[in-house]
Undergrad: 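One structure follows; several queries about it will come next.
Everything quoted here is computed from the prediction, not taken from an experiment.
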Amino acid sequence: MTKIALLGAGGKMGVRLATNLHGTDYDVAHVEVSEAGRERLKAATGLDCVEQGQALSRADAVVLAVPDRAIGAVSHEIIDRLDPGTAVIVLDAAAPHAGEMPKRDDVTYFVTHPCHPPIFNDEEGEDRLDFFGGVKAKQHIVCALMQGPEEHYAMCEAISREIWKPVMRSHRVTVEQLAILEPALSETVGATLALALRDATDEAVRRGVPEQAAHDFMLGHINIELAIAFGIFPGGQFSDGALKAIDTAKPVIFRDGWLDRVFDPDAVLASVKEICHPDD
């Protein structure tokens with residue numbers, strides 16, 4: 001039986017993962033440093049925690065369900081306690097891409113991250129309210145083998161499918177590509193533009209549009225506009241008026257060369273370093 005040491009098991013993410021791993025064929029040892037976290041895990045799952053040394057002993061895989069800023073410190077703390085061949089699974093590309101992982105050639109580093117349930121899906125009822133995923137709504141995931149033998153990819157991907165389940169597609173990428181996906185694509189661009197849409201909606205309300213009307217109008221239009229932009233709406237196309245508005249708006253809203261600046265490798269690297277060391 002594959003043994004997994006789940007570090008940070010009492011945190012918000014840790015409880016999610018512990019819940020999904022509970023009842024699987026894996027032997028999971030849960031580690032949580034805070035009393036509040038241990039109580040949270042117990043209340044949510046009925047599971048108890050063990051000491052870190054006990055969890056790491058003979059572990060086949062170690063899942064680091066801890067904040068990005070703590071990945072470096074935690075991984076350096078445990079690295080000498082791991083058996084050769086142990087797989088360390090990180091849930092975000094920030095620390096690995098920023099060079100936070102300790103150097104040790106005989107352990108595997110694997111990175112996995114959820115795509116979250118897509119906007120266009122077949123979920124029904126309360127399942128549609130699982131916006132994060134990993135509870136009821138299906139989602140895709142991305143995985144990267146940073147270092148280690150190829151056979152460890154299959155083992156770690158199988159664990160990833162359990163912790164993020166229910167999973168549809170699993171995409172194999174490099175750590176650098178995963179850093180392009182997050183933070184660059186999903187946060188630097190996606191989250192920023194999402195908040196810009198909210199700011200614009202609030203401005204419409206400030207200018208007299210009823211709030212509910214503004215929200216209904218924007219959220220409905222985003223749905224069809226994304227479907228057209230990503231080719232999901234067969235035969236869908238923007239109207240001539242919309243195309244004219246887009247051409248006029250682009251130079252007003254966006255600076256020339258913004259894509260190059262956001263996705264430049266140095267910019268992506270600087271972004272992940274800031275995530276790992278937010279107070280520097």
Undergrad: Can you name the nearest heavy-atom pair linking Thr174 to Ala144, along with the distance?
TA: C-CB, 3.7 Å
Undergrad: Scan residues 10-58 for pairs that pass ring pair (Phe, Tyr, Trp, His ring centres under 6.0 Å), counting only residues two or more places apart or in two chains.
TA: none
Undergrad: Among residues at least two apart in sequence or on other chains, which ones pass side-chain contact (heavy atoms from CB on, under 4.5 Å) with Val66?
TA: Leu64, Ala70, Ile71, Val74
Undergrad: Which heavy atom of Ala98 sits nearest a heavy atom of Lys273, and at what distance?
TA: CB-CG, 3.9 Å
Undergrad: For the side chain of Arg169 and the backbone of Val142, is there at least one donor-acceptor N/O pair under 3.5 Å apart?
TA: no
Undergrad: Tell me the ring pair (Phe, Tyr, Trp, His ring centres under 6.0 Å) pairs involving residues 113-137, sequence neighbours left out?
TA: His116-Phe132
Undergrad: Cluster partners of Val15, using ILVMFWY side-chain heavy atoms under 4.5 angstrom, listed by chain and number?
TA: Leu41, Leu47
Undergrad: Taking CD in Glu151 as the centre, count heavy atoms belonging to other residues, nucleotides or ligands within less than 6.0 Å. Is the count above 12?
TA: yes
Undergrad: For the backbone of Cys276 and the side chain of Asp68, can you confirm whether one donor and one acceptor N or O come within less than 3.5 Å of each other?
TA: no
Undergrad: Is any side-chain heavy atom of Glu187 less than 4.5 Å from a side-chain heavy atom of Ser271?
TA: no
Undergrad: Rest of the hydrophobic cluster containing Val272 (Ile/Leu/Val/Met/Phe/Trp/Tyr, side-chain heavy atoms under 4.5 Å)?
TA: Leu269
Undergrad: Please check: side-chain N/O of Glu176 versus main-chain N/O of His97, any donor-acceptor pairing under 3.5 Å?
TA: no
Undergrad: Between Glu162 and Thr24, does any side-chain donor sit less than 3.5 Å from a side-chain acceptor?
TA: no
Undergrad: Is the CG atom of Asp240 crowded by more than 12 outside heavy atoms at less than 6.0 Å?
TA: no
Undergrad: Any sub-3.5 Å donor-acceptor pair from Ser186's side-chain atoms to Leu181's backbone N or O?
TA: yes
Undergrad: Any non-hydrogen side-chain atom of Gln52 less than 4.5 Å from a side-chain atom of Val33?
TA: no
Undergrad: With no hydrogens and no angle check, is any side-chain donor or acceptor of Asn121 less than 3.5 Å from a backbone partner on Pro118?
TA: yes
Undergrad: Go through the structure and list residues passing side chain to side chain donor-acceptor pair (under 3.5 Å) with Asp122, not counting sequence neighbours.
TA: Lys138
Undergrad: So, Arg16 side chain and Gly133 main chain: donor-acceptor pair closer than 3.5 Å or not?
TA: yes
Undergrad: For Arg161 versus Ser170, what's the shortest heavy-atom pair and its separation?
TA: NH2-CB, 3.4 Å
Undergrad: Suppose the criterion is ring pair (Phe, Tyr, Trp, His ring centres under 6.0 Å): which pairs have a residue in residues 240-276, not counting sequence neighbours?
TA: Phe254-Trp258
Undergrad: Taking Tyr109 for its side chain and Val90 for its backbone only, find out whether a donor-acceptor pair lies under 3.5 Å.
TA: no
Undergrad: If the threshold is 4.0 Å, N to carboxylate O, is there a salt bridge linking Glu150 and Arg172?
TA: yes
Undergrad: Report the residues that fulfil side chain to side chain donor-acceptor pair (under 3.5 Å) with Arg198, sequence neighbours left out, ordered by chain and then residue number.
TA: Asp202
Undergrad: Donor-acceptor pair, distance only, cut-off 3.5 Å: does the side chain of Lys165 make one with the backbone of Asn20?
TA: yes
Undergrad: Does Ile246 sit in a hydrophobic cluster with other residues, and if so which ones, taking ILVMFWY side chains as linked at heavy-atom separations under 4.5 Å, directly or through other members?
TA: Ile224, Ile228, Phe233, Phe238, Leu243
Undergrad: Suppose the criterion is ring pair (Phe, Tyr, Trp, His ring centres under 6.0 Å): which pairs have a residue in residues 139-170, not counting sequence neighbours?
TA: Phe110-Tyr153
Undergrad: Test of understanding: with ring-ring contact (aromatic ring centres under 6.0 Å, His included), list the residues that count as partners of His76, not counting sequence neighbours.
TA: none
Undergrad: What heavy-atom pair brings Cys49 and Arg38 nearest, and what distance separates the two atoms?
TA: SG-CG, 3.8 Å
Undergrad: Using every non-hydrogen atom in the two residues, find where Val268 and Ile180 come nearest and quote the distance to one decimal.
TA: CG1-N, 4.4 Å
Undergrad: Quick one: does any side-chain atom of Asp130 pair with a main-chain N or O of Lys136 as donor and acceptor, under 3.5 Å?
TA: yes
Undergrad: Counting only heavy atoms not in Asp247 (residues, nucleotides, ligands), do more than 12 fall under 6.0 Å from its CG?
TA: yes
Undergrad: So, Ser75 side chain and Gly72 main chain: donor-acceptor pair closer than 3.5 Å or not?
TA: yes
Undergrad: What heavy-atom pair brings Asp60 and Lys3 nearest, and what distance separates the two atoms?
TA: OD2-N, 2.8 Å
Undergrad: Determine all donor-acceptor pairs shorter than 3.5 Å in which one atom belongs to a side chain in residues 204-223; sequence neighbours excluded.
TA:
{"residue": "Arg206", "atom": "NE", "partner": "Glu203", "partner atom": "OE1", "Å": "3.0"}
{"residue": "Arg206", "atom": "NE", "partner": "Glu203", "partner atom": "OE2", "Å": "3.3"}
{"residue": "Arg206", "atom": "NH2", "partner": "Glu203", "partner atom": "OE2", "Å": "2.7"}
{"residue": "Arg207", "atom": "NE", "partner": "Glu203", "partner atom": "OE2", "Å": "2.7"}
{"residue": "Arg207", "atom": "NH2", "partner": "Glu203", "partner atom": "OE2", "Å": "3.3"}
{"residue": "Gln212", "atom": "NE2", "partner": "Asp216", "partner atom": "OD1", "Å": "3.0"}
{"residue": "His221", "atom": "ND1", "partner": "Phe217", "partner atom": "O", "Å": "2.8"}

